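Okay, structure first, notes after.
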Amino acid sequence: MCKFYNLLYRLLPVRRIQAWVIDRHFSRCPLCGLNEKEGIRLDGLVRRAFAPHKSDSLLWPGVRSRMDKIRFVGPSHRFPLKSFRFPAWRWAAAGLALLFILGLNQLVFHPPEHSGPAADGQHSRVKINYAKIKGKNAKTHVYQTSQRSYILFLETDKNGG
Amino acid sequence: MEDNAVIQNCLQGDREAYGIIVNRYRNNLLAMARSILGNAEEALDATQEALLQVYTHLDRFDQSRNFRTWLFSITYKRCLDRIRGKKTWRKAMTELQTTGNNPGYYEESFPTFDEDGPVHQALSHLRTKERTALVLRVVADYSSAEIGEILKCSENTVRVHVFNAKRKLKKQLGEIAHV
């Protein structure tokens, strides 16, 4: 019976008054006394088995020497400045990317006018007010070549319309 | 000086202050590590790693919590990582060398203690959590609540671990004495 109570006492949390009553029983009961002595003996064996080792003193020197290699992150540096540090090669890469985007933009949205029909008379160097073939009005097309010379096309119906 | 005051000094850049913490918990930390790993040298190495990990993350520590349990739980995890690493390596080597089954060999770690003697021999038959709970209770004299926080289990589970550890230890020591 004592063994059963002992087991419960070890496993379950008890109130102080209950613990006092149980401890009082243990101190009086010869069987429980033996168990208690055995427990104390075991505790002593475990303590001796894990007594400080001769190499324990090396712990702090070992930690201290490795601490120097670590960059300590204190509360004042909670948000490290690392993210704001932008290496030079990144700046260069960003600059190149910006130039590329600007160049692409220029090519796509503002292509150079090498050749093709002149947009209208105002933007062209050549201004033709009208053209007539056999007395009939004709459509005019002015082309600028890459050599900056102009080709003039006149267009009219066969019937002269 | 209390732990939190020492931590404040460390956070202000006083590296030597951390020595107070290390020397304060040195014996108990190493006892726990040795109980898990079984080897004094490896325990020393694992504890050093844990202490460095704690130091680098000291600014993240919530000072309303118990520093001691935080420190011990990190060391405990470090030691378990070492066991897992060793197991994976051992498993790979065994698979290469043998073709037969080896049931339950990797289920639980039974470290070979580098110190001879009946107590170490008996302790090697205990489960890792049982051994750790026993050492933290008997050697470090920590409460069940603290041990539960370190081992990530309830107070009652800690009591069961300690009880089982003592029961097994008694049995093993009896068997060893009769041989």
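Chain naming here is simple, since letters A, B, ... match the order of the sequence lines and numbering starts at 1 in each. Because the structure is a prediction, the values reported are computed rather than measured.
- Closest heavy-atom contact between B/Val119 and A/Ala49: CG1-CB, 3.8 Å.
- Taking CZ of B/Arg34 as the reference point, atom CZ of A/Phe50 lies at 7.5 Å (rounded to 0.5 Å).
- Of the inter-residue distances, the one linking A/Arg64 atom CZ with B/Glu16 atom CD reads 4.0 Å to the nearest 0.5 angstrom.
- Ranking A/Asp56, A/Leu42, A/Val46 against chain B, the residue ahead of the rest is A/Asp56, based on heavy-atom pairs under 4.5 Å.
- With values rounded to the nearest 0.5 angstrom, A/Arg66 atom CZ is found 10.0 Å from B/Leu51 atom CG.
- For A/Val63 against B/Gln48, the heavy-atom pair with the smallest separation is CG2-CG, 3.8 Å.
- Put simply, the side chain of A/Asp43 does not reach to within 4.5 Å of the side chain of B/Arg137, judged on heavy atoms.
- At a 4.5 Å heavy-atom cutoff, the contact between B/Leu30 and chain A is made by side-chain atoms alone.
- With A/Arg47 contributing its side chain and B/Val138 its backbone, the two residues share a donor-acceptor pair below 3.5 Å.
- Between A/Leu59 and the choices B/Asn27, B/Val22, B/Asn23, the side chain to side chain contact (heavy atoms under 4.5 Å, CB included) rule is met once, by B/Val22.
- Atoms CG and NZ, from A/Leu45 and B/Lys170 in turn, are 12.5 Å apart once rounded to the nearest 0.5 Å.
- For the atom pair CE of A/Met67 and OH of B/Tyr55, the computed distance is 4.0 Å after rounding to the nearest 0.5 Å.
- A distance of 12.5 Å separates NE2 in A/His53 from CZ in B/Arg26, rounded to the nearest 0.5 Å.
- Note: the hydrophobic cluster containing B/Leu169 does not contain A/Leu34 (ILVMFWY, side chain heavy atoms under 4.5 Å, direct or indirect links).
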